[in-house]
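Accompanying notes for the structure given below.
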There are 2 protein chains.
Amino acid sequence: MIEEDKQKEVHKELRNYLQMQGLKATPERFAVLDEVYSTNFHFEADDILVRMRKKKMHVSRATIYRTLELLENSGLIRKAKLGETKAYYEHTYGRHHHEHMKCTQCGRVIEFESEEIEKLQDVICRQYNFQMTNHILHLFGVCEDCQKTTDGKAKNNYTTELTVK
Amino acid sequence: MIEEDKQKEVHKELRNYLQMQGLKATPERFAVLDEVYSTNFHFEADDILVRMRKKKMHVSRATIYRTLELLENSGLIRKAKLGETKAYYEHTYGRHHHEHMKCTQCGRVIEFESEEIEKLQDVICRQYNFQMTNHILHLFGVCEDCQKTTDGKAKNNYTTELTVK
DNA sequence: TTCGGTGCAAACTCTTTGCACGACG
DNA sequence: CGTCGTGCAAAGAGTTTGCACCGAA
């Protein structure tokens, strides 16, 4: 469950953004926002739908897609494709930018940060006079656990959601 | 047009791979390979289809998708999504690994290399005992040209194919 | 001769859109 | 009350798949 003060902060940010853009503050938008911020995991559009359905909250799939786009524009979430067709998201409030390491065997996603890499990116952008707004770094390979097993596949199949800090 | 000696080399690589895997060497597979290696640009599955149709070569869309997957497994091409839904590919033979900088205004893609970043990635992988097989680094932002124009959009609309070294 | 490969069309998955109705400002 | 947002269902885009036929080994 999302902590109350964080929820308030995030609501305020969205409210400001909507006002600034002349958009309406609808219950659906805040409901999606709350759901997005209820975990620290990566999620996809459909996860939000499923989680909301479980709580008997009715927001259509279309609205979820539209709201996720809005939240991305507002900077409250970030899109991060992990090589698949689907889009993955993660929220940004109170989190550093981080990179992803994905195990191609078990699907596990490990997050890591690297100031040094970020600095080097800035240097490169200056060289090309490129105004960077976002970046994605994904490393693909085989995780520690999967290397240990005989068939090269860890027992725990993480699919997509586990995030290790 | 693809240089003859390079073409021979690449054919040999594919032939070896097919033999090793017990797969068949079909004309379709080599035709797709040649098309893939006929430019140094990023391309998507449909580009290959269109280019082959222009040359009156008949390979079905299904076979192109299946062959691209095969070529990826063989290591002759690399998949590199640039934030969109579609998959982009680029061939690898005789090219260093490089990263991408994508302009969100005009779609231009700039390639760059950074040994320092690659070294840092290796360090991180060692820390996590992660066996990296591939990586993708994409920087998103506004390119030099687009920053100059009043509407923030360069005249030349590159869509997806131009690659600058 | 025998599987694996191909072409075709249909199916699938994820995402976007048109339209009529509803509700925020 | 006007307009923007929503829900629904249908359309789109990209990719995958089932099946019958074909051809490399």
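Naming convention: chains lettered A, B, ... in sequence-line order (proteins, then strands); numbering from 1 in each chain. Just so it is clear, the structure is predicted and the values come from calculations on it, not from any experiment.
- Nearest to the side chain of A:K24, among D:dG2, C:dC14, C:dG4, sits D:dG2.
- A:E44 has its CD atom 11 Å from the C1' atom of C:dT13, to the nearest Å.
- Mapping B:A25 and B:Y65 onto DNA chain D by nearest heavy atom places B:Y65 closer to the 5' end of the strand.
- A close approach under 4.0 Å does not occur between any side-chain nitrogen or oxygen of A:S60 and OP1 or OP2 of D:dC8.
- Atom CG in A:L23 sits about 19 Å away from atom P in C:dA23, given to the nearest Å.
- Note: CD (A:E72) to C1' (C:dT16) measures 15 Å, nearest angstrom.
- In this model, no side-chain donor or acceptor of B:R66 finds a partner on the base of C:dG4 within 3.5 Å.
- Atom CZ of A:F43 and atom C1' of C:dC14 are 16 Å apart (whole Å).
- When distances are taken from the side chain of A:A62 to each of C:dG7, C:dT17, D:dT15, the shortest belongs to C:dT17.
- Salt bridge absent: A:K86 and A:D46 never bring a charged side-chain N and a carboxylate O closer than 4.0 Å.
- Ring pair B:Y37/B:H91 is parallel by interplanar angle, where below 30° counts as parallel and above 60° as perpendicular.
- Side-chain contact of A:E90 with A:H100: a donor-acceptor pair under 3.5 Å is present, judged by distance alone.
- Here the C1' atom of nucleotide D:dC4 and the CG atom of A:L18 are 12 Å apart, to the nearest Å.
- What separates CG of B:L71 from P of C:dG5 is a distance of 13 Å, to the nearest Å.
- Along DNA chain C, the nucleotide nearest B:H58 and the nucleotide nearest B:G22 are compared for position; the residue whose nucleotide lies closer to the 5' end is B:G22.
- Under 3.5 Å, the side chain of B:R61 and the base of D:dG14 form no donor-acceptor pair of N or O atoms.
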- Query: Taking it one step at a time, do A:H11 and A:D34 satisfy side chain to side chain donor-acceptor pair (under 3.5 Å)?
  - Reply: CA-CA 8 Å; A:H11 274 221; A:D34 285 342; 2.7 Å; yes
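- When the side chains of ILVMFWY residues are joined at heavy-atom separations under 4.5 Å, either directly or via intervening members, A:L33 and A:L68 end up in a single hydrophobic cluster.
- For A:T26 and D:dT6, the shortest distance from a side-chain N or O to OP1 or OP2 is below 4.0 Å.
- Across the protein-nucleic acid pair, B:R53 atom CZ and C:dC8 atom P stand 7 Å apart, rounded to whole Å.
- As a whole-Å value, the separation of A:R29 CZ from C:dG25 C1' is 13 Å.
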